[in-house]
2 protein chains.
Amino acid sequence: MTLNISSTEQNYIKAIYHLEQNGRPVNTNDLAAQLATTPASVTDMIKKLKQKKLINYKAYYGCTLTENGRKQSLLIIRRHRLWEYFLSKKLGFNWDAIHEIAEELEHVSNTELINKLDAFLGYPKVDPHGDPIPDANGNIATIEHAVLGGGTLGKRYVVAQIGSQLPAVLELLDQKHIKIGTIIEIKKRFDFDQSLEIKAGNKHITQISKELSQHILVKEHE
Amino acid sequence: MTLNISSTEQNYIKAIYHLEQNGRPVNTNDLAAQLATTPASVTDMIKKLKQKKLINYKAYYGCTLTENGRKQSLLIIRRHRLWEYFLSKKLGFNWDAIHEIAEELEHVSNTELINKLDAFLGYPKVDPHGDPIPDANGNIATIEHAVLGGGTLGKRYVVAQIGSQLPAVLELLDQKHIKIGTIIEIKKRFDFDQSLEIKAGNKHITQISKELSQHILVKEHE
DNA sequence: ATAATTATTTAGATTTGTCTAAATTTTTAT
DNA sequence: ATAAAAATTTAGACAAATCTAAATAATTAT
Ligand SMILES: [Mn+2]
Ligand SMILES: [Mn+2]
Ligand SMILES: [Mn+2]
Ligand SMILES: [Mn+2]
């Protein structure tokens, strides 16, 4: 008998998974903000998730995922990212439109569907935003990329991951010709606001705000 | 402001659309049976659908779709059949497994998603069961195929459509090497039970019960 | 240490979709 | 025409998920 997890519950544990990446137990208000709901609703749902043994929870303290809760979350994230890959690479959607659609598709939880989709896509390792795709057992690669903002003048980097799903961020990156795999050389750093002048793809010179530079995750070139 | 139709409401109007094909207004009990719910629940939902102007309804009489209700139903059926085509032709699912999965996918109602999917699939005209796929405006081709059971001895037919989504039916057809496009010649008709002996695909001789023969829809060969 | 602020939980309602059991209407049979 | 059967609706309850407003606990500032 496999535990049934409603779409709403799925959204909750996925949000808890993401907030847990900050290293602290997830508190009620942050979870409410993330899910665009009220703290009172979160308290209600948290009790239910505890009963289902998907999270650990102590009143007035916060919650963390149980081992099973973490696995279930990663299987949802797997579905989400595989669909994003499909929408981008097969249907031709721009990367700023796929997250929202994948938010719905991720809840169709037929295991064979997802594994066949994975095969059809050629077992991609990362989604169009550079985020790693968990395998069928809920294992995820832990890649720790550096923030472009912290890079060194004159050095060349490769864009590996974007630290945001916001269409506004992705649209801005489009305009600056920055995508996954783009080679970036940091030309200048302006002391006043920590903004950068960069050369993208050996072609385009542009300015990048500090805020934006912190959402561009890179690895060193060569 | 486009009317929001919940997944449950979508299932109801789709069921009404299908039952309406019998030519009579749809009555409460049949709808309850089709949706595996109770007549009382159907009465409740019917009131809601009437308020949303998706159906016409007279108490103790039955309901029919309004023009808009019909269009919305056909857009759901469009999504359902395009996903079935994708599952079959791109992911390699057998035709007896796709209906159930499409029952979930059909509720993801992003118009651009469906139109891009349609393009990706090459604008298919029919789904893997031979059912016509409505276009983006909710127009559907009206194909009237004959039932194999009513065919003439010695004549050759082409399988064009299957009148059932039941895995049991589709599995049986698999076993008899009958699929969409298969050429069938009726060899004998047994008076006792109206069963048929046929040759399928110019190769396989098999017996077909009357019940099964009524679910195989055909057009004449050549 | 006390007060003020912030975070969290509880209480009580609401909406959606469902159900069982009872009442009512319609249809069919005698 | 009346009775029996079948179909449909109503009444009342319930579970899931949500909300607002009020109560309580924890944290922070003075
Ligand atoms: Mn996403
Ligand atoms: Mn992504
Ligand atoms: Mn189907
Ligand atoms: Mn079909």
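Each chain gets a letter, A, B and so on, in the order its sequence line appears, and its residues count up from 1.
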For nucleotides 10-15 of chain D, give me every protein contact, N/O to N/O, under 3.5 Å, one pair per line with atom names.
unit_1: D/dT10; atom_1: OP2; unit_2: B/K47; atom_2: NZ; d: 2.6

Below 4.0 angstrom, which residues in residues 25-33 of chain A have at least one non-hydrogen atom near DNA chain C? A/N27, A/T28, A/N29
Whether the [X] and [Y] side chains hold a donor-acceptor pair (N or O, under 3.5 Å, no angle test) is what I'd like checked.
{"X": "B/D131", "Y": "B/Q165", "value": "yes"}
{"X": "A/T64", "Y": "A/N56", "value": "yes"}
{"X": "B/D193", "Y": "B/S195", "value": "yes"}
{"X": "B/D30", "Y": "B/Q34", "value": "no"}

Under 4.0 angstrom, heavy atoms only, what part of the nucleic acid is B/S41 near: base, sugar-phosphate, or nothing? base
A/E100 atom CD: more than 12 heavy-atom contacts under 6.0 Å: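 No, the 6.0 Å shell around CD holds no more than 12 heavy atoms from other groups.
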So, the side chain of [X] versus the backbone of [Y]: is there a donor-acceptor pair under 3.5 Å, distance only?
{"X": "A/Y17", "Y": "A/Y12", "value": "no"}
{"X": "A/K176", "Y": "A/E171", "value": "no"}
{"X": "A/Q21", "Y": "A/H18", "value": "no"}
{"X": "B/K71", "Y": "B/T66", "value": "no"}

Pairs: protein N or O with nucleotides 22-25 of chain C N or O, under 3.5 Å:
unit_1: C/dT24; atom_1: O2; unit_2: B/Y60; atom_2: OH; d: 3.3
unit_1: C/dT25; atom_1: O4'; unit_2: B/Y60; atom_2: OH; d: 3.3

side-chain contact (heavy atoms from CB on, under 4.5 Å), paired with A/V42, selected from A/N29, A/L31, A/V26: A/L31
From [atom1] of [X] over to [atom2] of [N], roughly how many Å is that when rounded to an integer?
{"X": "A/M45", "N": "D/dC19", "atom1": "CE", "atom2": "C1'", "value": "14 Å"}
{"X": "A/K58", "N": "D/dA25", "atom1": "NZ", "atom2": "C1'", "value": "14 Å"}
{"X": "B/Y61", "N": "C/dT26", "atom1": "OH", "atom2": "C1'", "value": "14 Å"}

Is the phosphate of D/dT18, meaning OP1 or OP2, less than 4.0 Å from a side-chain N or O of A/T38?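 No, no such contact exists.
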Expected list for residues 83-92 of chain A: side-chain donor-acceptor pairs under 3.5 angstrom, two or more places apart:
unit_1: A/E84; atom_1: OE1; unit_2: A/H129; atom_2: ND1; d: 3.1
unit_1: A/E84; atom_1: OE2; unit_2: A/H80; atom_2: NE2; d: 2.7
unit_1: A/E84; atom_1: OE2; unit_2: A/H99; atom_2: ND1; d: 3.3

Sequence neighbours left out, cut at 3.5 Å: what donor-acceptor pairs do the side chains of residues 110-125 of chain A make with other protein atoms?
unit_1: A/N110; atom_1: OD1; unit_2: A/E112; atom_2: N; d: 3.0
unit_1: A/N110; atom_1: OD1; unit_2: A/L113; atom_2: N; d: 2.9
unit_1: A/E112; atom_1: OE2; unit_2: A/K116; atom_2: NZ; d: 3.1
unit_1: A/N115; atom_1: OD1; unit_2: A/R78; atom_2: NH2; d: 2.8
unit_1: A/D118; atom_1: OD2; unit_2: A/R78; atom_2: NH1; d: 3.2
unit_1: A/D118; atom_1: OD2; unit_2: A/R78; atom_2: NH2; d: 3.1

DNA chain D-proximal residues of residues 12-20 of chain B, any heavy atom under 4.0 Å: none
If the test is side chain to side chain donor-acceptor pair (under 3.5 Å), which one of A/K14, A/R81, A/R79 qualifies with A/E106?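 It is A/K14, the one option of A/K14, A/R81, A/R79 that forms the side chain to side chain donor-acceptor pair (under 3.5 Å) with A/E106.
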